[in-house]
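Letters A, B, ... mirror the listed sequences (proteins, then strands); counts begin at 1.
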There are 2 protein chains.
Amino acid sequence: MSENRVQMVVQESTPTLIARQLRRLIGQGQLAPGERLNEVELSQDFGVSRGPFREAVQRLTQQGLLVSIRNKGVFVVELTPEDVRDVYIGRTALERYAAELIIERGSPAEAGEKLLEAADEMELAGKQDDLDALVESDITFHSLLVSLANSPRLRQMHSTLMIETRMSMTLEAQSGTQIFRAEDHRDIARAISDKDRSRADQLLAEHLDYSDFMIDSAS
Amino acid sequence: MSENRVQMVVQESTPTLIARQLRRLIGQGQLAPGERLNEVELSQDFGVSRGPFREAVQRLTQQGLLVSIRNKGVFVVELTPEDVRDVYIGRTALERYAAELIIERGSPAEAGEKLLEAADEMELAGKQDDLDALVESDITFHSLLVSLANSPRLRQMHSTLMIETRMSMTLEAQSGTQIFRAEDHRDIARAISDKDRSRADQLLAEHLDYSDFMIDSAS
DNA sequence: CGATTGAATACTGTTTACAATTCTACGGGA
DNA sequence: TCCCGTAGAATTGTAAACAGTATTCAATCG
C-alpha cells in the first residue's frame, strides 16, 4: 500500500456540478420564479446532453426549488406568501437548535466571535446602502450560525431554506419591503458568547418571526 | 372556464415513483447499507430504461440516502454512529419546534388526542413483543407529531430523517440494543394537550437525546 | 510461490435517436 | 369577428447505442 502523501481525487458527478450552478442561478434570480427550463437550450449552455442535465434537475426538484409538471416541463418554484412563511418556520426550527448546540456542546466563545464579525459585515453593507451585500451578509450570518453547530444534516437542510430565503428577498427587493436588522445579529452573537441559551433562543425566535416583519400581502 | 368540480389528474413522474420504491426498499433494509445498486438489473426490475432510473437515483442522492462514487456506482448510505447521532440532532430540532407550533398556533387538543392513539398503538405492539410493529408505530408517532404542525417543509425534512432512523433501527435490531419508551410518547401527547410548551419541549429533548439511550459502540 | 501485467468482461457515464405529448399558428365556418 | 379544428413545430419522456472506466482472472515473470 502506498503512503498517504497524495490526496484522493474527488470527482464530483456532472449532475452535481450542474445542480450547483442551477441553484446559484435560481438564488440570484437569473432563473426567475415560474420560468420554464428549456432542456435543450440549457443543456447546450452547460455543454452536456439532456441526460445529465435532467439528472441535475431531479436533484433540485427533490429540494423543492424546481417543480416538474409532466409533459410540460420543469419550472422554477413560485413561492407563495404561505411558502415564505413556511421557509421561516423551517429556519426557526433549525437555527434555534443550532444556537443551543453551539452553547451547550460547542465553542460558544469562538462562535460568538465569528458571528460578531459577520454582523459587522452586515452593518457595513447597511451603512453603504448596498442592498445586494446586505442580503448576502444576512444569509452569510445565518448560514454561519448553523455551520457552527457542526451538524451536517442541520446545515444541509438549512442551505435549501436559505436559497428559498434569497428568492423571497429578491422578490421583496423589487417592492422595497425588505427589512434588515443588523443589531439583532449582534445581540444574537453576544447571547451565544455569553452562553445565554434562553436569550439566544428568544432573540432568534423574534428575529425569524415572519409575521413580525411582513405586512402580509393578502392573497 | 369549467367549474371546480373535477380534480386535475396528477401524473407523477416516473423518477418520482421509482424514487419512492427505492426509499421503501432502503428503509426496510431490502437494499442493505453499503450495497451497490446495479443500474441495469434494477431498472429492468422496475421495467424502465436506465435513464429514468438514474434520475430517481439522483433524488435519493440529494436526500443523502444514496452515495455516488464516480465510475464505481451508487451505494446505499452506511450510517456511522456519528451519522445516527446527527440524525437525532436533526429530529430534535424539527420535532421540538413542531410541538411548539402545535401548542401555540395549532390545535393542541385534537393533536394530543391523535398522538395518544398513536402512543396506544405502540404500547400494544410492545406488549405483543412485535418488534417490527414497535419500530413502525414509533416512526408513525413522530411523523404524526411533525405532520400536525402543518408545515410542509418541516414534514419533508423530517421524512428523510425518519428513513435514516428506520435504517439505524434495522441495524440495532440485529444487535438487540433497541430501546423503546412508550410512556414517553404518552407524556409528550399529554403535555401537548395541556398546552404545556416547556414540558413538551423538555420531554422531546430527553426522548431524542441519542447519548441518553445509546451505549456508544466506540469507534 | 507470489506479484504483476494484460486481456476480457461488466458496469457506469454520455450521447444520440425515437416516441408521445403539448404548443402554435393558420384557415374554415357560423 | 369569434370559435373550433387541424397540421406543423417544438418539447418532453424513454429507449437504445456508444464510449470510457473499473473489475476480474488467467498467464507470465521474478
Side-chain angles (χ1 to χ4, degrees), chain A residues 1-3 6-22 25-26 31-78, chain B residues 1-3 6-22 25-26 31-78:
Chain A
M1 184 65 70
S2 68
E3 325 223 342
V6 296
Q7 203 171 359
M8 188 155 70
V9 289
V10 284
Q11 307 199 63
E12 287 186 301
S13 74
T14 307
T16 302
L17 298 171
I18 294 174
R20 185 172 304 148
Q21 295 212 45
L22 284 178
L25 290 175
I26 292 173
L31 286 173
E35 183 176 344
R36 188 177 114 259
L37 275 61
N38 187 317
E39 288 185 5
V40 287
E41 187 184 331
L42 276 171
S43 56
Q44 277 178 1
D45 291 349
F46 285 117
V48 297
S49 64
R50 285 172 56 215
F53 177 78
R54 282 175 64 90
E55 292 181 26
V57 161
Q58 288 297 323
R59 294 189 78 122
L60 298 225
T61 303
Q62 178 63 36
Q63 282 191 290
L65 299 175
L66 295 177
V67 176
S68 165
I69 302 179
R70 184 149 199 179
N71 292 326
K72 295 262 173 63
V74 291
F75 304 80
V76 179
V77 67
E78 292 187 274
Chain B
M1 186 63 68
S2 69
E3 325 222 343
V6 296
Q7 203 170 358
M8 187 153 74
V9 288
V10 284
Q11 306 199 62
E12 288 186 300
S13 73
T14 308
T16 302
L17 297 171
I18 294 175
R20 185 173 305 149
Q21 295 212 46
L22 286 177
L25 290 175
I26 292 174
L31 286 173
E35 183 176 344
R36 190 178 109 257
L37 275 62
N38 187 319
E39 288 185 4
V40 288
E41 186 184 332
L42 275 171
S43 56
Q44 276 178 3
D45 290 350
F46 286 117
V48 297
S49 65
R50 285 173 57 216
F53 177 79
R54 282 176 63 91
E55 292 181 25
V57 161
Q58 287 297 323
R59 295 188 77 121
L60 298 226
T61 303
Q62 178 63 36
Q63 282 191 289
L65 299 175
L66 294 177
V67 177
S68 165
I69 301 180
R70 183 150 200 178
N71 293 326
K72 295 260 172 61
V74 292
F75 304 81
V76 179
V77 68
E78 293 187 274

- Any idea which of dT14(C), dT23(D), dT22(C) is nearest the Asn71(A) side chain?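 Of the options given, the side chain of Asn71(A) lies nearest dT22(C).
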- Selection from dT12(D), dT15(C), dT22(C) that lies nearest to any side-chain heavy atom of Ser49(A):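 Looking only at heavy atoms from C-beta outward on Ser49(A), the closest nucleotide is dT15(C).
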Taking atom [atom2] of [N] as reference, at what distance in whole Å does atom [atom1] of [X] sit?
X	N	atom1	atom2	value
Arg50(A)	dC18(D)	CZ	P	19 Å
Glu41(B)	dC11(C)	CD	P	8 Å
Asn38(B)	dA22(D)	CG	P	17 Å
Glu39(B)	dA15(D)	CD	P	14 Å

- Residue pair Glu55(A)/Lys72(A) against DNA chain C: nearer the 5' end by closest nucleotide is Glu55(A)
Contact class for [X] (heavy atom, under 4.0 Å): base, sugar-phosphate, or nothing?
X	value
Val48(B)	sugar-phosphate
Arg70(B)	sugar-phosphate
Gly51(B)	nothing
Thr14(A)	sugar-phosphate

- Does dT12(C) have OP1 or OP2 sitting under 4.0 Å from an N or O in the side chain of Arg36(B)?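 Arg36(B) to dT12(C) OP1/OP2: side-chain N or O found under 4.0 Å.
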- Taking only the side-chain nitrogens and oxygens of Arg54(A), find out if one of them lies under 4.0 Å from OP1 or OP2 of dT12(D). no
- Task: Would you confirm whether Arg50(B), through its side chain, and Val40(B), through its main-chain N or O, come within 3.5 Å as a donor-acceptor pair?
- Result: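 Absent.
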- Taking atom CZ of Phe46(B) and atom CG of Leu22(B), what is their separation to the nearest 0.5 Å? 4.5 Å
- Task: Could you check Pro15(B) against Gln11(A) and say which one's nearest nucleotide on DNA chain D is further toward the 5' end?
- Result: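 Here Pro15(B) is the residue nearer the 5' end.
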